[in-house]
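Here is the structure we will look at.
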Amino acid sequence: MAIFSGQLSRLPMVMLLFSLPLCSDAAQEDDALPPPPDAQALNQSAQFHLSLVFNQWDSGLVVPVTSRNGQFFVSRADLQRAGLPGDKLSTDEVNVSVLKGVQTQYDSTGQRLLMTVPNEWLPDQAIALGKRDASFTPLSGSGALLNYDFYSSHTQNSGSQASVWHELRMFGGNLSLSSTGTFRQGFAGYDAGSGEGYRRYDTTLTGTDEDDIISWSVGDVVSDALSWSNSVRMGGISIGRDFSLRPDLITYPLPAFSGEAAVPSTVDVFINGYRSGSTQLQPGPFTLTNLPYINGSGDAVLVTTDALGRQVSTTLPFYVASELLKPGLSDGALTLGSLRRDYGIDNFSYGPAAASGSYRYGVNDFWTLESHAEGAQSLVLGGVGTLVKLGRFGVVNGAWSHSEMRGQGGQQVNWGYQYNTNWFNIGTQHSHRDRGFGNLALYDSPDMYDENNQPIASLSRSTDQYSLSFNLGNYGNVGAAWIDVRSFDNEKTQLLNLSWSKNLWGNSSFYLAASHDPAQNGWSMALSLQVPFGELSSAAFSVESTPDAGSTQRVNYNHAMPGNGGFSWNMAYAHQSKNDDYQQATLGWRNNKVELQGGVYGQSNNYTQWGEMSGSLVMMDNTVLAANTINDAFMVVSTEGFSDVTVNFENQPVGTTDKDGYLLISGVSSYYPANYSINTLNLPADTRIKDTERRVALRRNSGYLLDFPMEQQRVASVILQDGNGKVLPVSSQVYRSLQPPAPVGYDGIVYLENLSDINPLTVTLPDGKHCSAMLQLENNPERKLKTYGPLICREGAR
């Protein structure tokens, strides 16, 4: 019997009765040994050891069983150890033949006690359908890096300019310090105004704690925000939960499917038509967990198969909402400091002190609570929100906030609904505010109030968004969206957007979009056709039409940069009805140390020529290495001075070590346990390697020195012959002082390691006789494997 139930709704019970023969009527006779006695042939009282089998499932336990007058008695402790509930067993010695609802049979051939018990007596099974990647302890070395991006341009009518962007990062252990900024300078008539000079962006010290899933930052930080609140830049400290530190964790509830199995079976699980996993079931209740990453509405089909190949299929619908938190899981952050002013304009400009905090908690599989608070000298804001899953019919969200800022009070109300399936998606979000509602995003705004203490700057009075999309299969995808934003001055911004996209032959695609603003006359239209040529090249043709800019016809040809480096180029031409025609050409080149780009774009009599160089310089292990821009983590592979060693990243070659034995791998994702290995085929024969492959996870914004230890040793092949000029027989053993024995192979050849200038050899032949020889090495500056001999092995005492 197999009965399944979904976690989300009450479903009809599906039952399968399996009738399997439990034992043969009689044992086959054996000429050498008599058959074991059956139950009737036993004495009035006999004890023997039998395997316990429940509902055709072998428990794996062999226990003492006493037979008295054809009835079987088993210790209560042994039955509990096998998984039966203690409250169903009333005595220390249980007569299993008379238990209510239990059938017992003795299998004399297999020496088993076969029992059929109610399914609810068997232990519950929590079965993980698939295996998640194990969590690796992230590693981080000590070092520094400098990301840079140098850009220069010259425009015919506005002169020349040059700028350098940088990120200076230092790291060690679980700490990293990063500082970013830009220096810009104009030349030859370029009017940069206040944009010239150096501009600092962010300087931040960050720490991580992967065990507690917490990160903190000191310096220039951005406050955490929920979907119904706002983030602000501050100078101070921020600390909170950071699930990106543990990508192996699933933070939202996944469905679990429960049921019962009457006999040992195999269950295959199909999610939305795709086979997601298979597992073995023992008799009794079970729960399937650890389903694959899924989101939205879908169907799970569970197919159970018994030992005879009979199948039962059960369909269980589900809905997964990634916005929710697992029951008991919490998320949140707290930020304290001073509001950042004139970001990107003034290097050090900070305003009044402020605080911001958010908190989320998963109450159960259907309900997540949210809260948010902000505060400053004359600002208090608090709000609560909730996310509720409506069974299999989507998720509703709602939030209410109230603020008091400089004597003005107000509230904000948010609500929405989302529903996603494989072929249909719908979403709506609404936000309405009072005029007096304020938060940290408005608190430090200049000219916030007029002379009558009435707020001038404010958030929108209301925002309404609707979206709808359909997956039409072979007919493409259709989408529609409506946005309506209204201010307190009765100004409104409205936009209707319609789109249709479809994949054509090969990997080509077609896209059509139309948008309409009721405040303007007419529609904006755009259509494009993209056709690939091979893996790297593609051509795109597009037509655009807007009420203000007129119509534009554009053609573009693009050749993407190869993954392992090389050339890329792009050419575009656009005919514009209300402007001069536009032309563009770009050429790029990249290796594993630097990326260069340059080109020209513009219209007649006003073209801009530009060039760009970007990359990174890494300082680790007392050396400086160049690489492409490093946005996250990186790995420095060391082969301890051996050059031209091929290094593989995720089983793909990424380069060879330089003359000092280093190779820097820049495109590494933090916290992902990647595979690193080296190819040893080009190493000298006298190189001994302790390890050729490692799987390592790196901390965020850090680097690590991965050392593959190698040591040079003197090796040689030796041909050994006896006194008659015949090669020594195979399997002869060559002995040296303080070294393991080495076997002699075909043609009398033996391979020897850890050799000295002079090496006495003692050989034991297969027949027990002994002989000895002397090996003297020659100079080998090329470090190639040399073969010595033949050497005469003379008989004598060992």
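Along the sequence shown, residues carry numbers from 1.
Between Thr493 and Glu491, every side-chain heavy-atom pair lies at or beyond the 4.5 Å cut-off. Between Ile213 and Phe243 there is a side-chain heavy-atom pair separated by less than 4.5 Å. Looking at Glu595 and Thr629, their side chains never come closer than 4.5 Å, going by heavy atoms from C-beta outward. Within the 4.5 Å cutoff, the side chain of Phe649 has no heavy atoms near those of the Val637 side chain. Within the 4.5 Å cutoff, the side chain of Phe437 has no heavy atoms near those of the His402 side chain. Contact annotation: the side chain of Thr182 never approaches that of Tyr198 to less than 4.5 Å [non-hydrogen atoms, C-beta and beyond]. Side-chain atoms of Gln161 and Arg184, non-hydrogen and from C-beta on, do get closer than 4.5 Å to each other. Under the 4.5 Å side-chain criterion, counting only non-hydrogen atoms from C-beta, Ser179 is not in contact with Glu167.
The pair Asp220-Arg200 meets the salt-bridge criterion, since a charged nitrogen lies less than 4.0 angstrom from a carboxylate oxygen. Using a cutoff of 4.0 Å between basic side-chain nitrogens and carboxylate oxygens, Arg700 and Asp242 are scored as salt-bridged. The pair Arg699-Glu210 counts as a salt bridge, with a side-chain nitrogen and a carboxylate oxygen less than 4.0 angstrom apart. Residues Arg233 and Asp202 are paired through a salt bridge, judged by an N-O separation under 4.0 Å between the basic side chain and the carboxylate. Salt bridge Asp444/Arg341: present, at least one basic N to carboxylate O contact under 4.0 Å.
Under the 3.5 Å distance criterion, with hydrogens and angles disregarded, no donor-acceptor pair is assigned to the side chains of His154 and Gln156. If you check the side chains of Asp484 and Tyr466, you find no donor sitting under 3.5 Å from an acceptor.
A distance of 10.0 Å separates CG in Leu390 from CD in Gln418, rounded to the nearest 0.5 Å. With rounding to the nearest 0.5 angstrom, the OG atom of Ser223 is 7.0 Å from the NE2 atom of His372. A distance of 6.5 Å separates OH in Tyr671 from OG in Ser244, rounded to the nearest 0.5 Å. Taking OH of Tyr672 as the start and OG of Ser670 as the end, the distance is 13.0 Å to the nearest 0.5 Å. Interatomic distance, OG of Ser568 versus CD of Gln597, reported as 6.0 Å (0.5 Å rounding). The CD atom of Glu612 sits 9.5 Å away from the OG atom of Ser152 when rounded to the nearest 0.5 Å.
Of all the heavy atoms in Thr208 and Asn174, the pair that sits closest is O-ND2, 2.9 Å.
A donor-acceptor pair is defined here as one N or O able to donate and one able to accept, closer than 3.5 Å; no such pair exists between the side chain of Ser176 and the backbone of Phe171. Side chain of Asp342 to backbone of Ile345: no donor-acceptor contact under 3.5 angstrom is found. Looking only at distances, a side-chain donor or acceptor of Gln412 sits under 3.5 Å from a matching main-chain atom of Trp228. The main-chain N or O of Ala441 is found under 3.5 Å from a side-chain atom of Asn439 such that the two form a donor-acceptor pair. Between the Gln609 side chain and the Gly599 main chain, no donor and acceptor come within less than 3.5 Å of each other.
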*Check the pair Leu339 / Tyr350 against side chain to side chain contact (heavy atoms under 4.5 Å, CB included), numbers first and verdict last.*
CA-CA 6 Å; Leu339 294 176; Tyr350 297 91; over 6 Å; no

*Worked verdict on Val164 versus Asp149 for side chain to side chain contact (heavy atoms under 4.5 Å, CB included)*: CA-CA 6 Å; Val164 178; Asp149 190 324; over 6 Å; no

*Check the pair Asn570, Gln584 against side chain to side chain donor-acceptor pair (under 3.5 Å), reporting the backbone distance first and the verdict last.*
CA-CA 8 Å; Asn570 173 273; Gln584 172 186 313; 2.7 Å; yes

*Stepwise ring pair (Phe, Tyr, Trp, His ring centres under 6.0 Å) test for Tyr419 and Tyr319*: CA-CA 9 Å; Tyr419 179 72; Tyr319 192 90; 5.6 Å; yes

*Could you please spell out the steps behind the ring pair (Phe, Tyr, Trp, His ring centres under 6.0 Å) verdict for Tyr201 and His166?*
CA-CA 10 Å; Tyr201 294 139; His166 77 83; 8.7 Å; no

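Looking at Asp331, Leu387, Val384, Leu325 one by one, the single match for side-chain contact (heavy atoms from CB on, under 4.5 Å) with Glu370 turns out to be Leu387. Residue Ser460 forms a side chain to side chain donor-acceptor pair (under 3.5 Å) with just one option from His432, Arg433, Arg486, and that option is Arg433.
A cation-pi contact, defined as under 6.0 Å to the ring centre and within 45° of the axis, is absent between Arg241 and Tyr359.
Heavy-atom contacts from other residues, nucleotides or ligands closer than 6.0 Å to CH2 of Trp216 number more than 12.
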